[in-house]
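I have placed the structure first, in the form of structure tokens, so that the comments after it can refer back to it.
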Amino acid sequence: MEQPAQPEQPDRPAEPGKPPRVAVAGASGLIGSALGRSLAADGYEVVRLVRRAPRARDEVRWDPKEGYVDAAGLAGCDAVVNLAGAGIGNRRWNDSYKRELRDSRVLGTRTLAAAVAALDEPPRVFLNASAIGYYGDTGQRAVDETAPSGEGFLPTMCVDWEQAAAAAQDAGVRTVFTRSGLVVARGGGAWGRMFPLFKAGLGGRLGNGRQYWSFIALRDEVAAMRHLLARDDLSGPFNLTAPQPVTNREVTAAMGRVLRRPTVFTAPAPVLRVVLGEMAGDVLGSQRVLPARLSESGFSFAHPGIEDAVRAALG
């Protein structure tokens with residue numbers, strides 16, 4: 001099994017006697033909390049952006065809907081990381097929730113990018129979340145970062161999301177977009193919902209199961225972000241997906257093997273469309289996405305295979 005590359009340290013040191021400082025929006029989410037723990041364990045000062053009045057010294061107030069962030073709290077940061085956004089699968093999509101999904105990403109990114117650009121001494125890097133939803137349904141076709149955006153709500157949202165970082169880019173701040181796949185973890189996201197079902201013996205394929213799922217282990221997600229934060233020569237979009245995309249049928253089989261449970265149940269496409277509405281199109285869609293730029297940059301995955309990633313999530 002390949003060993004993960006050790007996260008590089010920032011090329012520009014903090015002030016003497018002070019640890020490197022990283023601001024994180026979305027720090028309480030699945031990825032943000034894991035990233036924060038990883039950075040803190042290595043001695044970084046992690047500043048968390050919160051939408052309420054700060055209750056601790058490591059918190060900074062911001063309000064993405066109002067376009068406000070306490071810029072003084074960003075001063076001296078080596079990096080600003082934006083992982084904020086309403087959960088894609090938290091609610092059934094309607095016009096109101098689709099607007100919340102978009103605004104929570106676009107307005108937040110615009111607010112932070114403008115604040116970063118206005119700092120007297122901006123950070124070395126602005127890392128902004130994005131998603132492989134950028135590519136839409138790719139069918140059986142493998143795509144990398146050179147592929148154009150797809151069609152539909154998620155691709156359009158992802159395009160707007162990335163474009164909202166223009167102020168930081170125009171100010172000369174190195175800007176990175178992490179187009180993440182499905183993160184394999186127990187604590188949240190799609191897999192957080194799947195594990196209890198499969199453990200109860202109620203798991204199974206979705207639709208015909210031939211659609212590709214581009215996944216990434218949580219440990220690799222965090223390691224990849226730290227790799228991108230540290231490398232001053234890397235900017236633009238990076239697919240954060242394992243190098244071996246698998247089909248939903250293969251995911252189902254791997255879950256069954258690891259958890260030692262039957263996977264006889266199926267969710268037919270017509271039923272998913274009734275239950276999930278518009279979101280069913282993305283659940284049944286196929287995204288075969290490759291991490292070309294990440295691999296070319298020298299990043300090494302700790303859990304490149306689906307079964308290994310599932311075992312790591314349970315460890």
Side-chain angles (χ1 to χ4, degrees), residues 6-29 31-33 35-85 105-130 161-178 222-238 297:
Q6 293 298 313
E8 299 91 339
Q9 299 301 311
D11 293 330
R12 188 183 74 188
E15 293 180 37
K18 289 188 177 182
R21 197 163 190 256
V22 179
V24 182
S28 62
I31 299 169
S33 58
L35 177 64
R37 288 192 300 270
S38 175
L39 290 168
D42 282 341
Y44 287 71
E45 179 186 354
V46 179
V47 178
R48 298 178 294 145
L49 274 66
V50 297
R51 292 178 174 83
R52 49 169 173 74
R55 299 171 185 163
R57 293 180 62 185
D58 66 347
E59 294 182 342
V60 171
R61 176 87 164 85
W62 82 314
D63 187 335
K65 289 186 177 180
E66 296 298 324
Y68 168 78
V69 59
D70 180 2
L74 302 182
C77 284
D78 293 276
V80 173
V81 178
N82 180 27
L83 305 175
R105 289 162 171 77
V106 174
L107 298 182
T109 298
R110 190 176 296 152
T111 296
L112 284 178
V116 162
L119 290 172
D120 290 337
E121 294 187 16
R124 292 187 307 109
V125 55
F126 178 44
L127 187 149
N128 200 73
S130 185
W161 193 2
E162 293 183 10
Q163 290 179 345
Q169 292 176 299
D170 292 346
V173 177
R174 179 170 69 90
T175 303
V176 176
F177 302 103
T178 53
V222 170
M225 286 185 170
R226 294 198 54 180
H227 174 79
L228 295 170
L229 286 172
R231 286 277 299 271
D232 280 345
D233 59 326
L234 302 178
S235 62
F238 286 82
S297 74

First locate atom [atom1] of [X], then atom [atom2] of [Y], and finally report the distance between them rounded to the nearest 0.5 Å.
{"X": "Thr109", "Y": "Asn82", "atom1": "OG1", "atom2": "CG", "result": "4.5 Å"}
{"X": "Leu112", "Y": "Leu107", "atom1": "CG", "atom2": "CG", "result": "11.0 Å"}
{"X": "Glu66", "Y": "Thr111", "atom1": "CD", "atom2": "OG1", "result": "9.5 Å"}

Problem set entry | N-O pairing of Lys65 and Asp63 below 4.0 Å |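 Answer for the salt bridge query: no.
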
Nearest heavy-atom neighbours spanning [X] and [Y]:
{"X": "Ala164", "Y": "Ala113", "answer": "O-CB, 3.9 Å"}
{"X": "Ala165", "Y": "Thr175", "answer": "CB-CG2, 4.2 Å"}
{"X": "Ala23", "Y": "Leu49", "answer": "CB-CD1, 3.9 Å"}
{"X": "Val116", "Y": "Ala168", "answer": "CG1-CB, 4.4 Å"}
{"X": "Val69", "Y": "Ala115", "answer": "CG1-CB, 3.2 Å"}
{"X": "Trp62", "Y": "Ala84", "answer": "CZ2-CB, 3.9 Å"}

When you measure from the side chain of [X] to the backbone of [Y], do you find a donor-acceptor pair of N or O atoms at a distance under 3.5 Å?
{"X": "Arg105", "Y": "Ser130", "answer": "no"}
{"X": "Arg48", "Y": "Val60", "answer": "no"}
{"X": "Arg61", "Y": "Gly73", "answer": "no"}
{"X": "Asp78", "Y": "Arg21", "answer": "yes"}
{"X": "Arg174", "Y": "Leu234", "answer": "yes"}

Exercise. Going by atom types only, do Ser297 and Arg231 share a side-chain donor-acceptor pair under 3.5 Å?
Worked result: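 Ser297 vs Arg231: no donor-acceptor pair found between side chains.
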
Problem set entry | Heavy atoms from other residues, nucleotides or ligands near CZ of Arg52 exceed 12 (cutoff 6.0 Å) |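 Yes, enclosed.
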
Exercise. Which is it for Leu39 and Arg226 under the side-chain contact (heavy atoms from CB on, under 4.5 Å) test, yes or no, and what are the steps along the way?
Worked result: CA-CA 8 Å; Leu39 290 168; Arg226 294 198 54 180; 3.6 Å; yes

Exercise. Side chains of His227 and Phe238: closer than 4.5 Å at any heavy-atom pair?
Worked result: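 No, their side chains stay 4.5 Å or more apart.
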
